[in-house]
Student: 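Quick one: this structure, given as structure tokens, is what I'll be asking you about.
We count residues from 1, following the sequence as given. In this text the structure is predicted, and so the values were computed from the model without any measurement.
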Amino acid sequence: MTGNPPQLSRRIPRSLIFAFVAAVLAAFALAVTQSQAKAAGTLLSQGKTATASSTENAGTPASAAVDGNTGTRWSSAAADPQWLQVDLGATDTVSSVTLNWETAYAKAYQIQTSANGTTWTTVYSTTTSAGGNETLSVNGSGRYVRINTTQRATQYGVSLWEFQVYGTAGTGNSACGTTNAALNKTATASSTENAGTPASSAVDGNNGTRWSSAAADPQWLQVDLGSSQNICGVQLAWENAYAKAYQIQVSADGTNWTTAYSTTTGPGATELITLTGTGRYVRMYGTQRATQYGYSLWEIQVFTGGSGTNGGGTNGGTTGGTTTPPGNATLLSYNKPATASTYQDANSCTGCTPAKAFDEDPATRWATSDSNGWVDPGWIAVDLGATAHVTKVVLQWDPAYATAYQIQTSADGTNWTSIYSTTTGKGFKETLTVDGNGRYVRMYGTQRATQYGYSLWTFDVYGTGGNPTPPPALPPNPGNPEHLVWSDEFNGASGTKPDTSKWTQDVGGGQNGELEYYTNGDNTTMDGNGNLVIEARKENVQGHQYTSGRINTSDHFNFTYGHAEARIKVSGTQGLWPAFWMLGSNFKTGTPWPNSGEIDIMEHVGKVADSVYSTLHAPAYNGGNGYGSPYTVAGSDFANDFHTYAVDWDSSHMTFSVDGHAFFTADKATVESTRGPWVYDHPFYIILNNAVGGDWPGAPDATSVFPQRMLVDYVRVSQ
């Protein structure tokens with residue numbers, strides 16, 4: 001068996017803009033029915049998991065009816081009955097339902113609620129619906145709400161622009177967390193293929209290691225969370241050897257199991273599953289393999305929420321994008337004077353001074369000198385400006401970390417007292433509970449983990465006293481519901497170029513071994529049918545064998561956090577590399593790549609027709625080591641049709657989706673504790689391009705067909 005294709009991306013930054021897609025809040029209108037009423041209560045359904053009895057095609061999925069966007073819709077097959085249901089995530093009180101029908105509406109239908117998605121109670125019924133916009137007063141409760149249509153008004157199926165459920169969230173409707181509760185916990189399995197694929201590899205946060213089982217049914221992998229938890233989600237990142245049929249089960253004792261989720265049509269790739277359960281143990285129980293091999297998982301992640309107890313102590317969290325320290329502790333170290341045993345200012349780490357560990361910029365770091373600092377001991381210290389009571393220290397290590405070190409305090413910067421000591425430092429992000437007093441705090445390393453020196457991206461000191469300078473506040477998280485803030489529908493006349501108030505042409509040769517020359521608009525034009533065409537051609541221009549187009553929003557629209565999506569039909573054939581991505585706006589003001597950060601919402605390479613890729617790039621993980629996942633529909637070709645590619649981004653995570661199917665979540669806490677700094681809490685801009693050749697896709701060959709057109713229906717951003 002082989003793993004997924006490498007996730008190589010742009011190794012050199014490109015000044016292109018990408019557009020984050022908007023989930024638009026649907027406008028409410030009163031329908032002319034006997035049960036009309038003003039929608040009341042909280043909107044409970046938007047962005048939740050939706051399923052349906054059928055869909056007309058891939059462009060009209062169930063999720064489109066709960067995305068808040070009146071330009072997308074669900075439509076069914078042309079038959080009776082049909083249904084659309086939404087999982088609210090917890091039992092809620094439902095007071096009204098708004099239906100925004102497309103022309104193909106239902107004359108007869110029921111609104112129903114359910115506690116389990118199986119047994120339904122009707123809370124509204126009609127046989128005389130007039131379509132249009134209907135706001136229905138109802139009285140019911142349940143976790144699941146559905147519309148069950150029994151008579152169509154037309155010869156087509158039934159179709160809803162939006163299905164909105166309003167009411168009051170139940171007391172158990174706590175948001176599902178985004179922190180991986182399974183990370184580095186104890187994992188066991190029914191079997192392992194060999195010593196190189198142990199159960200522990202599925203909970204180590206490393207997408208390059210995996211668990212694989214013997215080639216037999218059934219098989220299972222379980223993780224001990226350490227204490228009883230309220231479990232609300234599980235993400236499975238499958239290797240090619242995936243499960244077609246399996247259950248997600250929970251247990252209090254690891255012996256008696258309750259099924260919280262079950263499927264016989266598992267698609268493989270990455271599956272993000274919403275469920276409800278309580279237990280200390282969680283397992284994937286596979287009953288039917290999709291291949292002749294065993295079962296294999298790169299990672300299993302478990303997400304928790306509600307009132308379940310947490311197995312370990314915590315040292316602060318995040319609320320609304322602002323770091324919350326424990327108790328009344330304050331960040332004391334921001335921009336305070338710093339000193340170190342040595343520092344590097346050459347080669348791969350220019351300007352890596354001690355101050356960089358205290359500037360709250362996760363993309364800058366301190367490192368000991370590469371000429372005389374790769375020795376023990378090595379240290380870095382900060383002057384807090386006045387005596388402080390220190391209660392917490394957070395270290396975000398570069399790979400050059402300390403296995404043995406002390407945290408020390410001092411009144412005078414000369415005589416030091418140790419308040420924390422370890423000989424088993426793990427690197428990455430370490431959050432330390434300490435108790436000490438002093439004006440000065442330092443990390444005193446006594447044993448390096450590598451042959452290199454010591455290096456810290458961040459050294460944060462929390463407590464009371466000192467002379468703190470408030471750090472810059474993080475941007476606010478997106479609203480709930482989100483509203484459209486920027487879009488381009490590409491409705492220009494045939495042959496016209498993209499709107500210059502929204503897009504800038506990025507002219508010149510590509511990077512990463514690409515072969516094309518990006519022209520000044522000759523290859524980026526509207527087709528008159530509502531699409532932007534980015535056409536790659538085989539022609540010699542400026543010494544390049546091919547031409548294509550690349551546009552960005554950097555001079556017009558930059559944003560932090562939100563929902564961004566684009567509906568795209570990618571180009572195909574060997575050597576093509578279409579992409580919808582974002583680059584940190586500070587790249588345009590001198591911050592180099594990958595320090596600026598890169599968010600690849602969608603990349604496709606022609607040689608792998610049935611997969612698209614979402615990947616993050618930062619100083620500590622980039623290029624072939626980028627953090628991401630493929631989305632694969634085995635045997636398909638993404639170039640055959642339009643698909644909707646999106647990311648939902650806030651201060652704690654990013655979730656990537658294709659056609660409404662969420663397949664990969666990058667959790668900030670997980671990234672920091674397993675890969676390196678999170679560098680995405682600042683503005684980014686959008687980029688669309690259709691590259692030819694490059695390190696990843698390779699050059700065109702005799703099978704390649706030109707010209708190749710990448711079609712973009714729209715790009716939208718909501719916040």
Student: Side chains of V282 and V234, heavy atoms from C-beta outward: is any pair under 4.5 Å?
Tutor: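 The answer is yes, as the side chains (C-beta and beyond) meet within the 4.5 Å cut-off.
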Student: Using atom types as modelled and distance alone, determine if a side-chain donor or acceptor of T632 lies under 3.5 Å from a backbone N or O of A634.
Tutor: no
Student: Between D92 and V94 (side chain of the first, backbone of the second, donor and acceptor by atom type, cut-off under 3.5 Å), is there such a pair?
Tutor: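 Pair absent, no side-chain N/O of D92 close to backbone of V94.
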Student: Does S141 offer a backbone N or O that forms a donor-acceptor pair with the side chain of T113 under 3.5 Å?
Tutor: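 Yes, because the side chain of T113 sits within donor-acceptor range (under 3.5 Å) of the backbone of S141.
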Student: With side chains defined as the heavy atoms from C-beta onward, is the minimum distance between Y631 and H661 less than 4.5 Å?
Tutor: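 Contact flag for Y631/H661 side chains = yes.
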Student: Donor-acceptor pair, S190 side chain versus W220 backbone, under 3.5 Å?
Tutor: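 Yes, because the side chain of S190 sits within donor-acceptor range (under 3.5 Å) of the backbone of W220.
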Student: Does a donor on one side chain and an acceptor on the other come within less than 3.5 Å for N477 and S651?
Tutor: yes
Student: Spell out, as yes or no, whether a donor-acceptor pair under 3.5 Å connects the side chain of S251 to the backbone of N256.
Tutor: yes
Student: Report the residues that fulfil ring pair (Phe, Tyr, Trp, His ring centres under 6.0 Å) with W101, sequence neighbours left out, ordered by chain and then residue number.
Tutor: Y109
Student: Can you list everything that forms a side-chain hydrogen bond (donor to acceptor under 3.5 Å, both in side chains) with Q110? Sequence neighbours excluded, please.
Tutor: N148
Student: Kindly compute the distance separating CG (D667) from OG (S673), expressed to the nearest 0.5 Å.
Tutor: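 Result: 8.0 Å between the selected atoms.
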Student: Report yes or no: do T670 and N180 form a side-chain donor-acceptor pair below 3.5 Å?
Tutor: no
Student: What pairs with F428 under ring pair (Phe, Tyr, Trp, His ring centres under 6.0 Å), at least two apart in sequence or on another chain?
Tutor: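 Here no residue qualifies.
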Student: Kindly write out the residues that satisfy side-chain hydrogen bond (donor to acceptor under 3.5 Å, both in side chains) with E102, not counting sequence neighbours, or none if the list is empty.
Tutor: none
Student: With a 4.5 Å limit on heavy-atom distance, are the side chains of Y124 and N139 in contact?
Tutor: no
Student: With sequence neighbours left out, what residues match S201 under side-chain hydrogen bond (donor to acceptor under 3.5 Å, both in side chains)?
Tutor: none
Student: Please identify each residue that fulfils ring pair (Phe, Tyr, Trp, His ring centres under 6.0 Å) with H643, with sequence neighbours left out.
Tutor: F638
Student: Checking T121 now: which residues fulfil side-chain hydrogen bond (donor to acceptor under 3.5 Å, both in side chains) with it, not counting sequence neighbours?
Tutor: none
Student: Less than 4.5 Å apart, side chain to side chain, heavy atoms only: is that true for L43 and Q164?
Tutor: yes
Student: Is the centre of the F580 ring less than 6.0 Å from the centre of the Y645 ring?
Tutor: no
Student: Could you work out, with salt bridge (charged side-chain N to carboxylate O under 4.0 Å, His left out) as the rule, every residue matching R152, not counting sequence neighbours?
Tutor: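 With neighbours one apart ignored, the set is D80.
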Student: Enter the distance from L225:CG to L183:CG here, rounded to the nearest 0.5 Å.
Tutor: 11.5 Å
Student: Side-chain contact, heavy-atom cut-off 4.5 Å: L297 with R210?
Tutor: no
Student: Which residues pass the salt bridge (charged side-chain N to carboxylate O under 4.0 Å, His left out) test with K429, not counting sequence neighbours?
Tutor: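 K429 satisfies salt bridge (charged side-chain N to carboxylate O under 4.0 Å, His left out) with E672 once adjacent residues are dropped.
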Student: Can you check whether Q288's main-chain N or O pairs, donor with acceptor, with Y295's side chain at less than 3.5 Å?
Tutor: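 At least one qualifying donor-acceptor pair exists.
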Student: Could you tell me which residues satisfy salt bridge (charged side-chain N to carboxylate O under 4.0 Å, His left out) with D204, sequence neighbours excluded, listed by chain and number?
Tutor: none
Student: Quick one: which of S191, S212, S296 gives a side-chain hydrogen bond (donor to acceptor under 3.5 Å, both in side chains) with Q219?
Tutor: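 Only match with Q219 under side-chain hydrogen bond (donor to acceptor under 3.5 Å, both in side chains): S191.
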Student: Quick one: does T287's side chain have a donor or acceptor within less than 3.5 Å of a partner on A245's backbone?
Tutor: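 Yes, the answer is positive, given that a donor and an acceptor are paired below the 3.5 Å cut-off.
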Student: Quick one: are F163 and V145 in side-chain contact, heavy atoms under 4.5 Å?
Tutor: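 When only atoms from C-beta onward are counted, V145 and F163 do touch, with a gap below 4.5 Å.
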Student: Using every non-hydrogen atom in the two residues, find where A52 and L84 come nearest and quote the distance to one decimal.
Tutor: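 Scanning both residues completely, I find the closest heavy atoms to be CB-CD1, 4.0 Å.
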Student: Within the distance-only criterion (no hydrogens, no angle test), does the side chain of Q719 pair as donor or acceptor with the backbone N or O of T560 below 3.5 angstrom?
Tutor: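 The answer is yes, because a donor-acceptor pair under 3.5 Å joins these two groups.
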Student: Who are the salt bridge (charged side-chain N to carboxylate O under 4.0 Å, His left out) partners of D224, not counting sequence neighbours?
Tutor: R280
Student: Find out whether V66 and Q46 are in side-chain contact, i.e. whether some heavy atom of one side chain is under 4.5 Å from a heavy atom of the other.
Tutor: no
Student: Taking the ring centre of each residue, are Y627 and W678 less than 6.0 Å apart?
Tutor: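 No, ring centres 6.0 Å or more apart.
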Student: Taking the side chain as everything from C-beta on, heavy atoms only, tell me whether K185 gets closer than 4.5 Å to V203.
Tutor: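 A side-chain contact under 4.5 Å is absent here.
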Student: Identify which one of W649, F684, Y680 satisfies the ring-ring contact (aromatic ring centres under 6.0 Å, His included) criterion when paired with Y561.
Tutor: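 Only one option passes, and that is W649.
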Student: Could you tell me whether the side chain of Q247 and the main chain of Q249 form a donor-acceptor pair under 3.5 Å?
Tutor: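 No, Q247 side chain to Q249 backbone: no donor-acceptor pair under 3.5 Å.
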Student: Under a plain distance cut-off of 3.5 Å, with no hydrogens placed, do T665 and Q301 share a side-chain donor-acceptor pair?
Tutor: no
Student: Just by distance, do the side chain of T197 and the backbone of T192 share a donor-acceptor pair under 3.5 Å?
Tutor: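 Checking the backbone N and O of T192 against the side chain of T197, no donor-acceptor pair under 3.5 Å is found.
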Student: Taking only residues two or more places apart in sequence, or in another chain, which ones meet W74 in a ring pair (Phe, Tyr, Trp, His ring centres under 6.0 Å)?
Tutor: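 By the ring pair (Phe, Tyr, Trp, His ring centres under 6.0 Å) rule, W74 matches no residue at all.
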